[in-house]
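Nothing fancy with the numbering, it's 1 onward along the sequence. Because only heavy atoms are used, hydrogens play no part in the values below, and waters and symmetry mates are left out as well, while side chains stay in.
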Amino acid sequence: METSVGLLQIVVLALIQGITEFLPVSSSAHLILPAALTDWPDQGLAFDVAVHFGTVVAVAAYFRRDLAGFVRSGASLATHGRWDDNLDLLAKIGVATVPVVVVGFLFKSHIESHLRSTTVIATATIAFGVALWLADRHRGEGTTPSYLQAALIGLAQAIALVPGTSRSGITIAAALALGLTRRAAARFSFLLSVPAIVGAAIYTALDAGPDTPVPWLDLGLGFVLAGASAFACIAIFIRFVERIGMTPFVIYRVALGVALLALA
């Protein structure tokens, strides 16, 4: 980021990142709109890293009891050799993380070079929105995925490297299709986001390089706004997901995809 971007751009982009990271609506699809409708300069890789870490802090803060449980259980395993439900869930998150690491390592450059067009993003927004609707109709009563189910959810997360898919949208859809409740699907998706977002932020930071200028005030504001909005979205979504279902998000995704196709 060679120059400091404007305050309005910082606020809008940080809120887009925070709000859309955990809702099943595709953050990449939303980030097209400011670029298409304004003459804002590129916000830079450092800003992208800052807002991603803001969302990581948000999900860690919301699920702090789960994360603390992972630490306690890890200590218990190290000292007493005890394996419990916390470690079982953590292991499933690990299993589900492997596919996105492998696919990202092998194909991320190709995806960024060939699949970032507005048409691809709009099509993915619509197609995987419909997939979310179909999965929501066939949800079950499961509260925790099996190891096989975790691996399948992980494969779905790898598909989210295609812009417009929505990481949260496709992992929630996969979990619903495999028989989890809406709340359980959202919870596993959000916990699974921690290693995925941290990995993406580290990759972006390394890509930025050590000589990238750092406008700390811009980054700090973006970090705070993205984190606060992400925390609010997680809390509201988890609280009301069983009641509102996925249909409102599906309708929104289809409308957004159509609008993007009109801009293409």
Student check: side-chain heavy atoms of Arg182 and Ile172 closer than 4.5 Å: no
Distance, nearest 0.5 Å, that separates CZ of Phe190 from CD1 of Ile238: 5.0 Å
Phe128 and Val162, any side-chain heavy atoms less than 4.5 Å apart: no
Main-chain N/O of Thr181 paired with Arg139 side-chain donor or acceptor, under 3.5 Å: no
Heavy-atom side-chain contact between Thr55 and Ser193 under 4.5 Å: no
Residue pairs, two or more places apart or on separate chains, that pass salt bridge (Lys or Arg N to Asp or Glu O under 4.0 Å) and touch residues 77-93: Asp88-Lys92
Backbone N/O of Pro41 and side chain of Gln9: donor-acceptor pair under 3.5 Å: yes
Rounded distance [0.5 Å steps], CZ in Phe231 versus CD1 in Ile236: 10.5 Å
All pairs passing salt bridge (Lys or Arg N to Asp or Glu O under 4.0 Å) where residues 58-78 contributes a residue, at least two apart: Asp66-Arg187
Between CD1 on residue Ile197 and CD1 on residue Ile202, distance to nearest 0.5 Å: 12.0 Å
Flag side-chain contact, heavy atom, 4.5 Å: Thr143 against Leu180: no
Residues that Arg167 engages under side-chain hydrogen bond (donor to acceptor under 3.5 Å, both in side chains), provided they are two or more places apart: Gln157, Ser189
For Ser26, side-chain hydrogen bond (donor to acceptor under 3.5 Å, both in side chains) partners two or more places apart: Ser28
Test log, rule ring-ring contact (aromatic ring centres under 6.0 Å, His included), inputs Phe249 and Phe237: CA-CA 11 Å; Phe249 302 103; Phe237 188 78; 5.5 Å; yes
Derivation of the side-chain contact (heavy atoms from CB on, under 4.5 Å) call for Gln149 and Thr144: CA-CA 9 Å; Gln149 290 171 333; Thr144 305; over 6 Å; no
Polar side-chain atom of Asn86 near backbone of Phe70 as donor-acceptor pair, under 3.5 Å: no
All pairs passing salt bridge (Lys or Arg N to Asp or Glu O under 4.0 Å) where residues 95-111 contributes a residue, at least two apart: Lys108-Glu112
For His110, all residues meeting side-chain hydrogen bond (donor to acceptor under 3.5 Å, both in side chains), sequence neighbours excluded: His114
Euclidean distance, Ile153 CD1 relative to Thr97 OG1, rounded to 0.5 Å: 11.0 Å
Phe107 side chain near Leu161 side chain, heavy-atom distance below 4.5 Å: no
Interatomic distance, Ile93 atom CD1 to Leu192 atom CG [nearest 0.5 angstrom]: 7.0 Å
Distance in Å, Thr171 OG1 paired with Phe188 CZ, rounded so as to fall on 0.5 Å steps: 9.0 Å
Connected via hydrophobic side-chain network under 4.5 Å: Leu15 and Trp40: yes
Working for side-chain contact (heavy atoms from CB on, under 4.5 Å), residues Leu155 and Val103: CA-CA 9 Å; Leu155 289 173; Val103 174; over 6 Å; no
Same cluster (ILVMFWY, side-chain, under 4.5 Å), Val198 and Leu67: yes
Non-hydrogen side-chain atoms of Phe47 and Leu13 separated by less than 4.5 Å: yes
Side chains of Leu261 and Ile126 in contact at under 4.5 Å (non-hydrogen atoms): yes
Minimum side-chain heavy-atom gap Ile16-Ser27 below 4.5 Å: no
